[in-house]
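The structure appears below as structure tokens.
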Amino acid sequence: MLDAAPLAPPDWLKLLLWAADYYQHPVGEVVAAALPAPLREGRPAIGRQARCLRLTEAGRRALAELPARAHRQHALLSALATADLQVPAGEASGFDAGVLRRALEQAWVVEADPGSPIAPMNKAPALTAAQQEALDALQAAPAGFSVSLLEGVTGSGKTELYLRLAEQALRAGRQVLILVPEIGLTPQLSARFAERFGAAVASFHSGMTEVERNDAWLAVAARRVQVLVGTRSAVFAPFADLGLVVVDEEHDTSYKQQEGFRYHARDLALLRAKDCAAMAVLGSATPALESLAHARSGRYRHVRLEQRISGRAPPPAQLIDLNVHPARHGLTEPLLAAIERHLHAGGQCLLFINRRGYAPTLLCEVCHWVAPCPRCDARMTLHRARGRLVCHHCGHEEVPPRACPSCGGQRLLPVGEGAERVEDALRNRFPGRRVERFDAERLRGGDKLERLLDEVRARKVEILVGTQMLAKGHDFPALSLVGVVNADQALFSADFRAMERLGQLLTQVAGRAGRIEQAPHPAEVLIQTREPQNPQLRLLLGSGYGALAEQLLAERAEAGLPPSGHLALLRAEAAHMTEAQVFLRAARDLALALPGAGSEVQLLGPAPAPMERRDGRYRAQLLLQAGKRAPLHRLLPGWLDQIEALPEARRLRWSLDVDPIDLF
Ligand code: ADP
Ligand code: ZN
Ligand code: ZN
């Protein structure tokens with residue numbers, strides 16, 4: 001820690017102090033969260049040295065001969081084609097480690113003495129007219145700090161605009177931060193940046209080892225790295241001179257840290273940009289209501305990109321009524337027929353199901369017992385391939401019983417469907433077709449996901465079954481059918497953000513289809529639901545996400561909810577519900593004695609959390625709601641000091657979540 005401090009610029013520390021104050025989190029823990037482990041543990045701040053790579057003659061020949069779909073090899077070799085590259089050690093480089101290793105093994109690339117560290121710009125494609133217009137609008141921002149919301153439909157070529165803006169920042173000698181919501185999206189995006197800008201690109205995400213992250217961190221501080229592509233925590237990288245910050249898929253909730261230091265990386269990124277007088281761009285096809293509200297009020301510039309590169313509008317979505325067409329293993333006949341049609345025409349199909357495992361419930365047919373989690377108010381999910389019942393809330397696992405523990409009955413039925421079941425059903429229905437399930441658990445570690453994605457792009461996979469991880473960002477040229485197995489979880493949710501998220505999810509999933517003109521068949525999007533008359537679902541399908549967002553913004557304004565109101569949530573969990581309630585009541589009484597409480601800041605609760613018991617503990621919460629941010633933030637610091645002094649506070653776990661994104 002001692003020698004880390006001078007490594008980081010003053011505005012880095014300023015960000016952390018601000019964040020500690022805003023989120024009311026101990027500054028020591030904030031600093032710890034922001035530093036890579038080796039530095040945190042006080043090890044010397046020495047990164048492993050960068051390597052200098054040079055293309056050989058064999059490499060030049062390979063570059064000419066590689067098939068176009070070997071795009072990661074292409075990215076590496078073409079970046080090397082006109083100059084040597086300084087590549088930071090390990091996975092911190094923008095290039096895939098496996099690709100780099102193979103290139104060295106094939107002697108396409110050799111390590112050379114460090115020469116000139118400057119890599120050339122690779123050729124950029126000509127912008128479409130729509131892209132050019134959007135780029136002009138983005139570049140018309142005043143010099144210094146600015147925020148633009150780039151609202152561009154899926155497949156409109158937002159990434160190319162990020163590249164152009166990055167080029168501009170790099171030419172001015174400044175650094176670039178690109179935030180992505182998910183690890184799976186970093187290799188793809190950093191390869192594109194590395195291909196364009198050479199070795200000055202590094203990645204930063206939790207899939208890297210601590211040592212690799214440390215290398216990237218130090219390389220950023222020392223300006224050996226000019227572009228950093230990373231997930232949430234990359235917002236804390238110690239840029240010496242940050243000129244551009246891009247938050248891609250800015251609506252994604254994974255930007256919010258959900259435990260410990262509960263920061264929102266999008267909000268911190270904007271603060272960082274402000275301190276560095278940098279340009280900030282928030283990109284999304286489905287912006288968060290918060291960002292739309294700022295764009296409407298003129299706080300953010302609003303730049304739209306409404307045309308897809310392919311020139312084709314995203315395919316219209318159609319509903320399949322589950323009341324009319326019964327589903328077997330989650331799939332209705334009209335959906336299966338559509339899959340058949342698209343496969344026959346040579347297209348790829350994506351079945352989206354937002355549930356892991358085989359079935360969300362194991363039910364006794366005789367007495368209607370359902371397998372409960374012993375530690376939560378929740379049911380266990382059957383993971384049939386692993387032969388386990390798993391609780392998705394606390395991780396508890398057990399072997400499924402052979403007979404009903406309640407009545408001894410022998411018929412235990414899996415009810416409902418998860419991705420595993422849909423995968424099985426598709427295998428049975430379409431033997432000989434290659435079906436792959438994209439499951440975070442299965443694809444964790446190494447480059448399993450990247451390899452599978454390569455096979456999808458090479459059209460070796462015909463049917464993709466995917467959960468959340470396939471909904472965003474990825475570009476699948478041959479995908480012509482997207483089927484959403486069930487949209488209804490969100491329609492019945494009590495969460496006030498559920499409809500916003502469903503609108504984003506359905507738009508994003510649908511946006512995976514029909515992106516490229518050569519798709520063999522007109523693209524289709526089919527959504528199965530029991531609620532085909534739901535007015536907001538119809539509004540989304542008929543008029544698009546923008547129309548839904550307008551309506552949701554009006555509802556939020558009515559209810560005083562974000563972005564029209566501001567929230568903070570005090571959570572408590574204890575061995576007994578009464579303890580949690582007693583603590584929260586004491587906390588509420590303390591608050592009520594403070595200025596603004598009960599008037600400018602409303603206190604709601606305490607009330608049991610929607611899931612009362614989780615992981616063996618009872619949970620309750622007290623919600624603070626304010627029309628304006630200032631009174632809320634005036635109240636918090638003094639209040640927390642008093643809460644800490646409560647004797648009850650020491651007997652249970654509690655935490656404060658400022659701007660919570662879910663109330664569970
Ligand atoms: P978005 O992020 O907006 O969904 P992408 O940036 O992934 O869209 O672009 C969609 C596809 O269009 C990508 O395959 C990309 O390589 C391609 N593309 C983007 N801009 C151009 C361009 N100007 N000319 C040709 N292809 C482009
Ligand atoms: Zn039973
Ligand atoms: Zn559990």
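For ligands, and for the atoms within them, numbers begin at 1 and follow the listed sequence.
Checked by distance only, ligand 1 and G157 come closer than 3.5 Å through their nitrogen or oxygen atoms. The distance criterion of under 3.5 Å between nitrogen or oxygen atoms is met by Q131 with respect to ligand 1.
Taking every heavy atom of both residues into account, I661 and R501 meet most closely at O-NH2, 2.8 Å. The heavy-atom pair separating G207 from I183 by the smallest distance is N-CD1, 3.5 Å. Contact detail for V245 and A273: the closest heavy-atom pair is CG2-CB, 4.0 Å. Minimum heavy-atom separation, V235 to L179: N-CD2, 4.0 Å. The minimum heavy-atom distance between A359 and T381, with the atom names listed, is O-CG2, 3.3 Å. In terms of heavy-atom proximity, L242 sits nearest to A278 at O-CB, 3.3 Å.
Here the straight-line distance linking atom CD of Q508 with atom CZ of F352 works out to 10.5 Å at 0.5 Å rounding. Between the CZ atom of R266 and the OG1 atom of T253 there is a distance of 10.0 Å, given to the nearest 0.5 Å.
Protein N, O or S atom count below 2.8 Å of the Zn ion (ligand 3): the structure gives 4.
Residue contact annotation: G152 has no non-hydrogen atom under 4.0 Å from ligand 1.
Enclosure of atom CZ in R617 by more than 12 non-hydrogen atoms of other residues, nucleotides or ligands within 6.0 angstrom is indicated.
Applying the side chain to side chain donor-acceptor pair (under 3.5 Å) test to pairs two or more places apart or on separate chains, those with a residue in residues 360-369 are E365-R411. For the side chain to side chain donor-acceptor pair (under 3.5 Å) condition, the pairs that include at least one residue of residues 131-140, sequence neighbours left out, are T128-Q131, Q132-D136, Q139-Q168.
Ligand 1 places these atoms under 4.0 Å from at least one heavy atom of T154: 4 (O). When each atom of ligand 1 is checked for a heavy atom of L127 under 4.0 Å away, the hits are 23 (N).
Both the backbone and the side chain of T159 come within contact range of ligand 1, each with a heavy atom under 4.0 Å. By the criterion of a heavy-atom distance under 4.0 Å, the backbone of A126, and not its side chain, is placed next to ligand 1.
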Could you go through the salt bridge (charged side-chain N to carboxylate O under 4.0 Å, His left out) check for R386 and E420 one step at a time?
-> CA-CA 11 Å; R386 278 168 55 206; E420 217 180 294; over 6 Å; no
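Residue-and-atom listing of protein N/O/S atoms under 2.8 Å from the Zn ion (ligand 2), sorted by chain and number: C364 SG, C367 SG, C404 SG, C407 SG.
By the 30° and 60° cut-offs, the orientation of the rings of Y300 relative to H294 is tilted.
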